[in-house]
Amino acid sequence: MYIEKIYLENFRNYKKLEADFSDRINILYGDNAQGKTNILEALYVGATTRSHRPVKDKDMILFGEEESHIRIEVKKRNIGHRVDMHLRKGKSKTVMIDGIPIRRTSELFGLINIIFFSPEDLAIVKEGPAERRRFMDMELCQLSRIYYSNLADYNKVLNQRNNLLRSISYNRSLMDTLEVWDEQLVTYGKRVIEERSNFIDMLRELVIRVHGEITEGRENIEIKYEPQVKADDLSDVLLDRRDMDLKYATTTTGPQRDDIGIYIDGKDVRAYGSQGQQRTAALTLKLAEIELVRSVINDTPILLLDDVMSELDTKRRNALLGTINNLQTIVTCTGYDDFIKERIPMDNIFHVVKGSVNKM
């Protein structure tokens, strides 16, 4: 699987852009704040319908414009496909696959499998649980349309229930409707918990192997899915905490509070690991993610590296470079000296300057 071409119109700082990519290593280099990451963001949006950043659709439209267009041409198992996506202010996005409009954005998932790796991902271990939940959700949504649907339904019901809890504080007669939302929350919540648990189970052996290679066997790593509540207990715990939920006017139980436990030699690396151990564990998660996606889809995912090479030391950089030999990789950087030193073949080199992309 690889992306052949991207076309942008009124996206971020690009009035118009058209670029062709090699199926191997593509370098986007230039100074900071020139638009390199915006290209990777557009690719990710075109594959998943959402940004890797916590932003709304309207934030990605060029200032002063009402609509943005992303077109991606991809080759998958020697068959070409085209994705067209329009982001519009004040309206829902529209998506077409091979010229045919889709009714639900979830129909796009699985067509293009992308793994995004940025310096922020190196902090996934030491940051709060929200970042680790995001790690699970971003990949699971690409691998499973069912998971995406269950997660979306869960979040929708969760918001409705929280709104109801706030309303009950000044209108107790609404208590009778709470049970209806509880039943739906349990239904979707159990599915989310079970699929997250399966995901971590699949990832575990890969994490152990990859981490052993990076550390040359000097450390033992273990990852565990840490749901706030087990799937089978969700209904009972939700009922037990109802008074607390009413007191604080929010839902205090469920997968919105899950975490991933990461342990090195039996110690919680989130709290007790050195910065080097935390960064190695984060890199391990991303490299294991690549291997997992490859095995699940029986194809090669597309790897986007956003200025991450400069954040890694030689050992970790070599571990990352060792995975990209047969992957289409699109890299942003301020310079490509590291690739020259490591004798990594660069099939395409683009110079990005103020929203202009020139092929070298």
Side-chain angles (χ1 to χ4, degrees), residues 1-2 21-30 32 36-37 40 43 52 113-127 131 135 138-139 203-223 262-265 269-270 273-295 299-350 360:
M1 178 190 310
Y2 64 95
F21 295 117
S22 160
D23 62 354
R24 290 302 170 91
I25 309 298
N26 301 269
I27 307 291
L28 302 168
Y29 86 96
N32 292 326
K36 303 186 300 294
T37 299
L40 301 192
L43 292 169
H52 67 289
N113 289 93
I114 283 182
I115 294 175
F116 198 110
F117 192 13
S118 71
E120 288 76 18
D121 291 311
L122 289 170
I124 187 176
V125 174
K126 69 177 180 180
E127 294 295 334
E131 291 302 313
F135 166 75
M138 286 177 70
E139 195 49 63
L203 198 65
R204 184 174 293 111
E205 288 187 12
L206 295 170
V207 163
I208 292 171
R209 178 176 61 77
V210 170
H211 192 265
E213 292 171 356
I214 296 176
T215 63
E216 298 175 341
R218 290 191 298 269
E219 295 176 343
N220 296 311
I221 193 171
E222 174 66 15
I223 64 167
I262 306 171
Y263 303 88
I264 292 181
D265 294 336
V269 71
R270 298 167 298 184
S274 67
Q275 184 179 26
Q277 287 177 317
Q278 290 175 343
R279 290 167 75 86
T280 299
L283 177 60
T284 295
L285 286 175
K286 298 303 292 188
L287 297 183
E289 179 186 6
I290 293 171
E291 293 302 317
L292 176 61
V293 173
R294 194 199 308 258
S295 65
D299 199 350
T300 54
I302 295 155
L303 182 61
L304 307 182
L305 301 179
D306 187 21
D307 201 24
V308 77
M309 299 300 293
S310 61
E311 299 290 326
L312 300 172
D313 60 20
T314 301
K315 181 183 293 185
R316 297 182 182 93
R317 188 185 304 129
N318 288 340
L320 177 57
L321 291 174
T323 69
I324 68 177
N325 291 333
N326 61 346
L327 296 178
Q328 182 185 41
T329 305
I330 303 174
V331 185
T332 68
C333 54
T334 53
Y336 45 90
D337 293 344
D338 289 334
F339 288 85
I340 296 174
K341 291 176 184 176
E342 301 295 340
R343 298 181 180 178
I344 301 296
M346 296 174 286
D347 300 284
N348 274 343
I349 301 175
F350 302 91
M360 305 300 289

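- Using a 3.5 Å distance cut-off with no hydrogens or angles, the side chains of Thr332 and Asp306 do pair a donor with an acceptor.
- Residues Leu320 and Thr323 approach most closely at O-OG1, 2.7 Å, considering heavy atoms.
- Remark: the backbone N or O of Gln328 is not paired with any side-chain donor or acceptor of Asp23 at under 3.5 angstrom.
- Side-chain N or O atoms of Lys126 include none that pairs as donor or acceptor with a backbone N or O of Gln275 at under 3.5 Å.
- When atom types are taken as modelled, the side chain of Asp299 and the backbone of Met1 share a donor-acceptor pair closer than 3.5 angstrom.
- The CD1 atom of Ile349 sits 11.0 Å away from the CD1 atom of Ile25 when rounded to the nearest 0.5 Å.
- In this structure, Lys286 NZ and Phe116 CZ are separated by 9.0 Å, a value rounded to the nearest 0.5 Å.
- Here Leu292 contributes atom CG and Arg204 contributes atom CZ; the two are 12.5 Å apart, rounded to the nearest 0.5 Å.
- Between Leu285 and Leu203, some side-chain heavy-atom pair lies under the 4.5 Å cut-off.
- Here the side chain of Arg279 pairs no donor or acceptor atom with the backbone of Leu122 at under 3.5 angstrom.
- Using a 4.5 Å heavy-atom threshold, the side chains of Pro119 and Glu311 count as touching.
- Although no hydrogens or angles enter the test, the distance criterion places a donor-acceptor pair under 3.5 Å between the side chain of Gln278 and the main chain of Val269.
- In terms of heavy-atom proximity, Leu206 sits nearest to Ala288 at CD1-O, 3.7 Å.
- Counting only heavy atoms from C-beta outward, the side chains of Tyr2 and Asn26 never approach each other to under 4.5 Å.
- Separation of atoms CD1 (Ile302) and CG (Leu43) is listed at 8.0 Å; rounding is to 0.5 Å.
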Side chain to side chain contact (heavy atoms under 4.5 Å, CB included) assessment of Met360 paired with Tyr29: CA-CA 10 Å; Met360 305 300 289; Tyr29 86 96; 3.7 Å; yes
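- In this structure, CD on Glu120 lies 4.0 Å from OG on Ser118, to the nearest 0.5 angstrom.
- Taking every heavy atom of both residues into account, Ile115 and Pro301 meet most closely at CD1-CG, 4.1 Å.
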Worked verdict on Arg294 versus Asn326 for side chain to side chain contact (heavy atoms under 4.5 Å, CB included): CA-CA 11 Å; Arg294 194 199 308 258; Asn326 61 346; 3.2 Å; yes
Full working for side chain to side chain contact (heavy atoms under 4.5 Å, CB included) between Thr37 and Asp307: CA-CA 8 Å; Thr37 299; Asp307 201 24; 6.0 Å; no
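- When every heavy atom of Ile221 is checked against every heavy atom of Ile208, the shortest pair comes out as O-CG1, 3.6 Å.
- Between the side chain of Asn220 and the backbone N or O of Asp265 there is no donor-acceptor pair closer than 3.5 Å.
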Chi angles and distances behind the side chain to side chain contact (heavy atoms under 4.5 Å, CB included) call for Ile262, Thr284: CA-CA 11 Å; Ile262 306 171; Thr284 295; over 6 Å; no
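- Between Ile214 and Lys315, the shortest heavy-atom contact is O-CD, 3.4 Å.
- Among Leu303, Leu304, Leu321, the single residue meeting the side chain to side chain contact (heavy atoms under 4.5 Å, CB included) criterion with Thr329 is Leu303.
- Atom NZ of residue Lys36 and atom OG1 of residue Thr334 lie 7.0 Å apart, to the nearest 0.5 angstrom.
- At least one side-chain heavy atom of Arg317 sits under 4.5 Å from a side-chain heavy atom of Thr314.
- Of all the heavy atoms in Arg270 and Tyr263, the pair that sits closest is NH2-OH, 3.6 Å.
- Using a 4.0 Å cut-off between a side-chain N of Lys or Arg and a carboxylate O of Asp or Glu, Arg209 and Glu213 qualify as a salt bridge.
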